[in-house]
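Data first, discussion second: the structure below is written as structure tokens.
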Amino acid sequence: MYQGKRIARDFFTRDVLDVAPDLIGKNLTITGNDGFPVRFPLTEVEAYRGHEDKACHASKGKTARTSVMFGEGGHLYVYLIYGMYWMLNIVTGPEGNPQAVLIRGVTGISGPGKVTKRLSIDRSYYGEDLVISSRIWLEDAGINPVYKTGPRIGIDYAGEYWKSVPWRFYI
DNA sequence: TCAGTGATTAGG
DNA sequence: CTAATCACTGAG
């Protein structure tokens with residue numbers, strides 16, 4: 001099987017609208033309890049982009065929770081929602097430009113809360129650097145799947161315009 | 001359609 | 001300190 005190689009910093013420091021579609025088909029790779037890497041091809045993601053995007057948590061300014069989004073791309077933004085589900089995001093863009101991509105699905109697992117449950121992602125992954133971490137990283141699988149686009153899910157509070165932009169990318 | 005569940009946030 | 005909010009899920 002083609003395992004690919006770890007994706008480096010410059011992939012993540014581009015604009016979120018360039019990174020998000022490029023993530024489709026990449027392997028989210030995480031070391032299991034036995035120490036061996038397990039690969040999960042990304043199938044569904046959403047882009048959240050900067051101060052003006054009313055759906056982006058960073059649009060209300062920098063807080064303790066969102067601070068990692070203001071840093072360099074390649075780090076993980078992980079937070080708890082509805083008291084039960086961890087949301088996994090990959091920060092993108094250069095430092096000072098708050099953006100992130102929500103991981104909504106991988107092959108065989110549909111739904112952001114289910115993905116983190118299956119991969120055992122929790123608070124301890126907040127700020128983890130995919131470029132250097134020994135327990136989670138991203139690999140190029142050497143494929144570029146055809147993908148679809150559509151509006152983002154679960155952001156009714158963001159207003160009609162930001163609710164409608166097609167920043168969800170999925171197979 | 002709707003309850004569960006608790007961290008995070010703004011405001012007093 | 002209080003209270004509202006929430007990038008979800010599964011049951012009915």
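Note that these values count all heavy atoms, side chains included, but never hydrogens, waters or copies made by symmetry. Every chain is numbered from 1 and lettered A, B, ... according to where its sequence line falls, protein lines coming before strand lines. This structure is a prediction, so every number in the text was calculated from the model and none was measured.
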Starting at atom [atom1] of [X], determine the distance to atom [atom2] of [N], rounded to an integer number of angstrom.
{"X": "A:Ile153", "N": "C:dT9", "atom1": "CD1", "atom2": "C1'", "result": "14 Å"}
{"X": "A:Tyr77", "N": "C:dA7", "atom1": "OH", "atom2": "P", "result": "8 Å"}
{"X": "A:Tyr85", "N": "C:dT5", "atom1": "OH", "atom2": "C1'", "result": "17 Å"}
{"X": "A:Asp156", "N": "C:dT5", "atom1": "CG", "atom2": "C1'", "result": "13 Å"}
{"X": "A:Ile103", "N": "C:dC8", "atom1": "CD1", "atom2": "C1'", "result": "16 Å"}
{"X": "A:Lys163", "N": "C:dC6", "atom1": "NZ", "atom2": "P", "result": "13 Å"}

Within the structure, does a side-chain N or O atom of A:Lys114 lie under 4.0 Å from either OP1 or OP2 of C:dG10?
-> yes
Do any side-chain nitrogens or oxygens of A:Arg104 fall under 4.0 Å of OP1 or OP2 in C:dC8?
-> yes
Between protein and nucleotides 5-12 of chain B, map the contacts as a letter string: B base, S sugar-phosphate only, - none, heavy atoms under 4.0 Å, written 5' to 3'.
-> BBSSS---
Assess A:Arg118 against A:Phe40: is NZ or CZ under 6.0 Å from the centre of the six-membered ring, and within 45 degrees of the ring's axis?
-> no
NZ or CZ of A:Arg14 within 45° of A:Phe12 ring axis and under 6.0 Å = no
Minimum-distance pair of heavy atoms, taken over all atoms of A:Pro98 and A:Ala58 | CB-CB, 3.4 Å
Exercise: identify the closest heavy-atom pair between A:Phe169 and A:Ala47 | CE1-CB, 4.3 Å
Any side-chain donor near an acceptor of the partner, A:Glu46 and A:Tyr48, under 3.5 Å = yes
Of A:Ile81, A:Val115, A:Leu119, A:Asp122, which is the lone residue that meets side-chain contact (heavy atoms from CB on, under 4.5 Å) with A:Trp86?
-> A:Asp122
Evaluate side-chain hydrogen bond (donor to acceptor under 3.5 Å, both in side chains) for A:Thr29 paired with A:Asn27, printing each intermediate quantity in order.
-> CA-CA 6 Å; A:Thr29 308; A:Asn27 283 334; 5.5 Å; no
Pick base, sugar-phosphate or nothing for A:Leu102, based on heavy-atom distances below 4.0 Å to the nucleic acid.
-> base
Is a side-chain N or O of A:Tyr85 found less than 3.5 angstrom from the main chain of A:Lys114, in a donor-acceptor match?
-> no
So what's the dot-bracket for DNA chain C: Watson-Crick or G-U pairs under 3.5 Å, [ ] if a pair crosses, | if it pairs off-strand?
-> ||||||.||||.
Does the separation of the ring centres of A:Tyr79 and A:His57 fall below 6.0 angstrom?
-> yes
